[in-house]
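Worksheet: one structure, shown below.
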Amino acid sequence: MAATPRFRNDACATTHPDGEPVTAPSDRKHPVDETLPPLRMFTSGLQHVAAMYAGVVAPPMIVGPAVGLTPKETAFLMGASLFTAGIATLLQTLGFWRIGARLPFVNGVSFAGVTPMVAIGKDRGHDGIAVIFGAIIVASLLGFVLAPYFCKLVRFFPPVVTGTVITLIGVSLLPVAFNWSQGGNATAHDYGSTTNITMAAVTLVIVLALRKLLRGFLQQIAILLGLVAGTLIAIPVGITDFGALKEADALGFPTPFHFGAPQFEIAAIVSMSIVMLVCMTESTADMLALGKIVGRPADERTIEGGLRADTLGSAVSPLFNGFMCSAFAQNIGLVAMTKVRSRFVVAAGGAILILLGLVPVAASVIALVPLPVLGGAGVVLFGSVAASGIQTLAGAALEKGENALIVAAAVGVGLIPIAAPDFYHAFPKDLLVVLDSGISTGCVVAIVLNLAFNHLGRKPEAEAGTAPGGHDPVKAVEVAAH
């Protein structure tokens, strides 16, 4: 006889073994499954787009010129990246069959692939892009096949591991906000100027003030309001660029295989397959973090669906001239800060991304937000992720066993790419795909040390400091949440 689903006192939903939400007798939906009024849905979704926009268009802005594409072709790549990010986000939030985490989970172009893609496509022009796309397709299909097995690693992610990884996600993203605050382009004459940094500081103060003074829905969209206010202030300051808006076409579509049919080369496929494993590792950590934040812990089924959405979105992306897609941690910070947990809000953001990909002039309006303004808001966004990780670590029994040592070593290793960017410069380039990701290296160290100290020859639970319920991550996260 099947067990009767249990419900929490707050009548929130739990998850049925088939992956579908089960509601309490009061019919109150879990906040993740709630729909908001249309205006709130749109503005909250737009806020997610504003938070991720720079991260989506940055990789094609780097890869395009590096492989010899013209500015117009690079702009085409940017539009395609927005379009495919929207598709991948809809796969994650709405889902179908066993595809999709069905959490407020945003997907976009992964930064992990930028360096290997530049190495693959350099000096090849359109042929280089075709080889990149072919490698992404094969690597993504391989990841789709591996997803049901990869997700079983979830039992090795108790609070001592998840808290460490969540903290590293936030800390690793902060340099991105600092770079934006300086102007985003280290070769620009005004990079790091007092004007740029002052604008970032002004935006940060505006966001904090709005969060303090506003209430209800307006408080929830404080980031969006802060970005609008910062952009308006930046116009007379002279750091708002209207060039992209003037040159943008009214309508456009990412023509399938615009740069030619994909080409398949073994070396490129191996390189992008490594990137895919890195992306799956980071997405697993991000889903665990998001599940904790929204009050719906990510179990194996959730992670399997999320990884399948990641990999399927990545496999489809090259068809429309997009790159590999994975989780966007900055949007997890937005969920943590605004407390808006509805996956349909993020789905609205995905629809907006698709629209921006089809209407280049609309995408250019979002692009009006100067990077220093975005950087000021990013400090709050990314810092919220780190704060969430610290909160998780508070329930990880650091005073017991060797858990504090696990956190110390994993955080130390994870900070190497941030504190000493050239630390691994003598290592083979293929290894740098993993080593230059502090999230991935820190995650691996935390998992290995947790296995060594809390699983192999395991001590009694009370002595080892493991969470109640053995190494069941769902129970462990619930304990940490309370």
Side-chain angles (χ1 to χ4, degrees), residues 29-57 78-79 81-95 100-108 203 206-207 210-211 214-232 245 248 250-253 290 293-294 309 313 325 327-328 330-369 373-374 377-378 380-381 384:
K29 292 182 179 180
H30 191 287
V32 169
D33 297 315
E34 288 180 342
T35 55
L36 304 182
L39 179 60
R40 291 186 62 188
M41 190 86 72
F42 173 77
T43 52
S44 297
L46 184 62
Q47 188 169 234
H48 275 282
V49 173
M52 71 179 295
Y53 183 88
V56 174
V57 300
M78 293 165 58
S81 295
L82 291 167
F83 182 79
T84 54
I87 293 175
T89 298
L90 291 179
L91 285 174
Q92 281 288 11
T93 53
L94 303 181
R102 293 177 175 83
L103 291 172
F105 201 50
V106 175
N107 273 39
T203 304
I206 290 174
V207 171
L210 291 175
R211 285 287 299 179
L214 299 179
R215 294 291 181 269
F217 171 63
L218 291 178
Q219 186 184 60
Q220 293 174 348
I221 62 170
I223 292 287
L224 180 60
L225 296 176
L227 290 173
V228 172
T231 302
L232 292 176
L245 182 61
L251 295 173
F253 183 80
L290 184 59
I293 289 169
V294 302
C325 295
F328 262 47
Q330 53 261 54
N331 292 80
I332 296 176
L334 188 58
V335 173
M337 181 178 174
T338 64
K339 310 299 182 186
V340 177
R341 295 180 277 176
S342 171
R343 60 191 174 101
F344 297 106
V345 163
V346 176
I352 293 172
L353 286 170
I354 292 176
L355 177 64
L356 292 176
L358 297 176
V359 185
V361 68
S364 299
V365 172
I366 301 293
L368 289 178
V369 179
V373 171
L374 195 58
V380 178
L381 288 176
S384 296

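Atoms considered below: every heavy atom in the structure, side chains included; atoms not considered: hydrogens, waters and symmetry mates.
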- Does the side-chain contact (heavy atoms from CB on, under 4.5 Å) test come out yes or no for T89 and F328, once each step is laid out? CA-CA 10 Å; T89 298; F328 262 47; over 6 Å; no

- Are L36 and F344 close enough, and set up right, to give a side-chain contact (heavy atoms from CB on, under 4.5 Å), and what steps lead you there? CA-CA 8 Å; L36 304 182; F344 297 106; over 6 Å; no

Heavy-atom closest pair (P104 atom, S342 atom, distance to 0.1 Å) is CB-O, 3.8 Å

The side-chain hydrogen bond (donor to acceptor under 3.5 Å, both in side chains) partners of T84 (sequence neighbours excluded) come to S317

Interatomic distance, OG@S44 vs CG@L39, rounded to 0.5 Å, equals 8.5 Å

Rounding to 0.5 Å, atoms CG (L94) and CZ (R343) come to a distance of 6.5 Å

Taken to the nearest 0.5 Å, the spacing of T35 OG1 from K29 NZ works out to 5.5 Å

Interatomic distance, CZ@F105 vs CD1@I332, rounded to 0.5 Å, equals 5.5 Å

Heavy atoms of A347 and T93 approach each other most closely as CB-OG1, 3.4 Å

Scanning both residues in full, the closest heavy-atom pair of H48 with V335 reads CE1-CG2, 3.8 Å

All heavy atoms of L227 vs all of A377, minimum pair found to be CD2-CB, 3.9 Å

V49 side chain near L356 side chain, heavy-atom distance below 4.5 Å: yes

To the nearest 0.5 Å, atom CG of L82 lies from atom CD1 of I87 at 11.5 Å

Output for pair (N107 CG, L90 CG), nearest 0.5 Å, gives 10.5 Å

### Polar side-chain atom of Q92 near backbone of A101 as donor-acceptor pair, under 3.5 Å
yes

